[in-house]
Amino acid sequence: MSQSYVDLPPKGGFSFDLCKRNDMLTQKGLKAPSFLKTGTTIVGLIFKDGVILGADTRATEGPIVADKNCEKIHYMAPNIYCCGAGTAADTEAVTDMVSSQLRLHRYQTGRDSRVITALTLLKKHLFGYQGHVSAALVLGGVDITGPHLHTIYPHGSTDTLPFATMGSGSLAAMSVFEAKYKEGLTRDEGIKLVAEAICSGIFNDLGSGSNVDICVITKGHKEYLRNYMEPNPRTYVSSKGYSFTKKTEVLLTKITPLSERVEIVEVAGEAMEE
Amino acid sequence: MTTFTVPIDNGDSVRIAEEESQRTLYPYVTGTSIVAIKYKDGVLMASDMGGSYGSTLRYKNIERVKAIGKHSLLGASGEISDFQEILRYLDELTLNDNMWDDGNSLGPKEIHNYLTRVMYNRRNKFNPLWNTLVLGGVKNGKSYLGMVSMIGVSFEDDHVATGFGNHLARPILRDEWHADLSFEDGVKLLEKCMRVLLYRDRSAINKLQIAKITEEGVTVSQPYSLKTFWEFSSFHNPTAGAEGSW
């Protein structure tokens with residue numbers, strides 16, 4: 001058997017080796033498992049003192065709700081947070097990766113991270129994978145140059161905006177923003193508007209639901225309001241609560257050794273001879 | 001010895017070929033969304049006046065809301081030629097009805113039902129009228145607002161929206177509509193929806209008409225345009241903090 005070419009080790013990037021096999025399988029009728037998508041509503045807006053990010057908390061696997069209360073606002077740096085829509089694994093992995101890179105960069109430079117640094121790192125990674133990493137992100141933070149809000153699309157393009165929405169509920173949330181956004185909102189007005197936009201996504205989009213998460217980032221300070229609003233409480237809860245009457249009692253304690261202990265005595269000179 | 005098969009003159013195949021080419025397969029000249037609400041005195045319906053030919057804005061003076069008889073307003077989004085066909089059907093219907101000369105006139109409920117039957121039957125023959133219709137009207141003091149889609153889905157509601165309006169206007173209407181809106185509040189609400197559609201729907205144009213129907217009759221406003229706001233400071237210099245970005 002002779003090889004006419006040298007097998008080079010993979011240089012990195014996407015390995016398309018299994019594509020042919022997958023094609024053959026789908027032709028034979030196998031349905032590929034669907035990804036855990038976050039069919040989402042994520043929003044961000046710039047207010048007077050900084051940035052407010054908001055997200056719903058439903059993760060879907062096709063038509064099923066896989067996680068009723070997942071976290072879609074990811075930590076990137078103490079002053080930068082990122083909301084993620086699309087394939088949950090992709091958003092999780094890519095934000096974790098860039099978060100580590102930012103931390104190493106902070107150790108090296110001795111300065112706080114800037115939002116455009118996170119933006120460029122994310123954008124480069126996503127463009128390199130040509131859209132196969134299905135992560136649509138709303139990146140917001142406050143750094144030395146001021147508050148910033150960006151959207152990043154799976155193919156690697158970015159926008160810099162005063163208010164932004166992404167995910168399947170983005171149209172419902174955007175209609176609230178387009179109707180009600182003004183410049184120079186106060187913190188409370190901003191939070192109210194973000195909560196309204198997320199609720200619009202929760203109630204009008206099937207891919208979004210459950211609770212509202214909010215993150216307020218200002219200069220030198222951040223507030224992660226997990227489950228800021230819970231507009232979908234459990235309808236029927238047992239008023240009596242749950243009480244388990246009888247605990248398990250200990251009746252008897254007896255120890256029975258399972259095997260005899262045998263003493264091994266080594267005699268010098270006889271061990272391991274033939 | 002060569003053998004060859006002679007095609008039997010099957011008149012059917014010719015007819016079927018003709019039928020095939022006459023079914024509606026895709027729309028050509030289309031109108032975008034319609035938004036309509038019930039208010040205190042009747043129904044308000046808003047639409048823009050654009051007719052797109054694919055991605056070209058071909059016609060800028062199409063009235064997509066028309067009065068039907070004394071009691072109804074019909075708005076349509078989708079294929080404009082099919083809308084004109086529907087208007088013709090309704091003309092025939094009202095004419096035939098007038099010929100009885102018994103003082104009866106078709107109310108919005110009856111016209112909605114008629115349109116539902118027409119749309120559903122065409123859909124069953126795989127030759128749909130490519131429209132989503134909005135039917136609003138007032139008869140004997142009761143207001144009525146309903147919708148029929150091109151596959152025959154039909155229902156009645158307090159506020160309806162077609163096309164992109166489904167995604168952009170419905171959330172606003174669900175939040176802010178309430179019974180007994182005054183005329184001014186109703187128009188403000190519709191304008192709010194139409195403005196968002198203008199910002200975010202690529203086939204919307206800034207030339208809209210609002211039609212009103214009450215017990216007294218139909219009024220269609222003159223075309224006018226909405227004010228839009230582009231003066232956000234971030235729009236002036238979007239890459240202020242992110243040099244080299246866009």
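Below, chains carry the letters A, B, ... as their sequence lines are ordered, and counting in each starts from 1.
- Closest heavy-atom contact between B:I172 and A:A179: CD1-CB, 4.4 Å.
- Across A:P147, A:S200, A:A172, the residue that shares the most heavy-atom pairs under 4.5 angstrom with chain B is A:A172.
- By the 6.0 Å contact criterion, CD1 on A:I144 is open, its count of non-hydrogen atoms from other residues, nucleotides or ligands being 12 or less.
- Looking at B:F164, the atoms closer than 4.5 Å to chain A (heavy atoms on both sides) all sit in the side chain, from C-beta outward.
- Atom CZ of B:F155 is surrounded by more than 12 heavy atoms from other residues, nucleotides or ligands within 6.0 Å.
- The contact between A:F203 and chain B is made entirely by backbone atoms, counting heavy-atom distances below 4.5 Å.
- No side-chain heavy atom of B:S234 sits less than 4.5 Å from a side-chain heavy atom of A:F163.
- Enclosure of atom NE2 in B:H167 is not indicated, since only 12 or fewer non-hydrogen atoms of other residues, nucleotides or ligands lie within 6.0 angstrom.
- The two residues A:L171 and B:L168 have their closest heavy-atom pair at O-CD2, 3.4 Å.
- The number of heavy atoms from other shown groups lying within 6.0 Å of CZ (B:F126) does not exceed 12.
- Of the listed residues (A:R114, A:E178, A:K182, A:E196), the greatest number of heavy-atom pairs within a distance under 4.5 Å of chain B belongs to A:E178.
- The contact between B:R200 and chain A is made entirely by side chain atoms (from C-beta outward), counting heavy-atom distances below 4.5 Å.
- Counting heavy atoms of neighbouring residues, nucleotides and ligands inside a 6.0 Å radius, atom CG of A:L206 does not exceed 12 of them.
- Within 6.0 Å of atom CZ in B:F232, more than 12 heavy atoms from other residues, nucleotides or ligands are found, so the atom counts as buried in its surroundings.
- The closest donor-acceptor contact from the side chain of A:E183 to the backbone of B:S233 lies under 3.5 Å.
- For the atom pair CZ of A:F177 and OH of B:Y199, the computed distance is 15.0 Å after rounding to the nearest 0.5 Å.
- Within the structure, the salt bridge (charged side-chain N to carboxylate O under 4.0 Å, His left out) test picks out the following pairs touching residues 165-183 of chain B (sequence neighbours left out): A:K180-B:E176, B:E176-B:K192.
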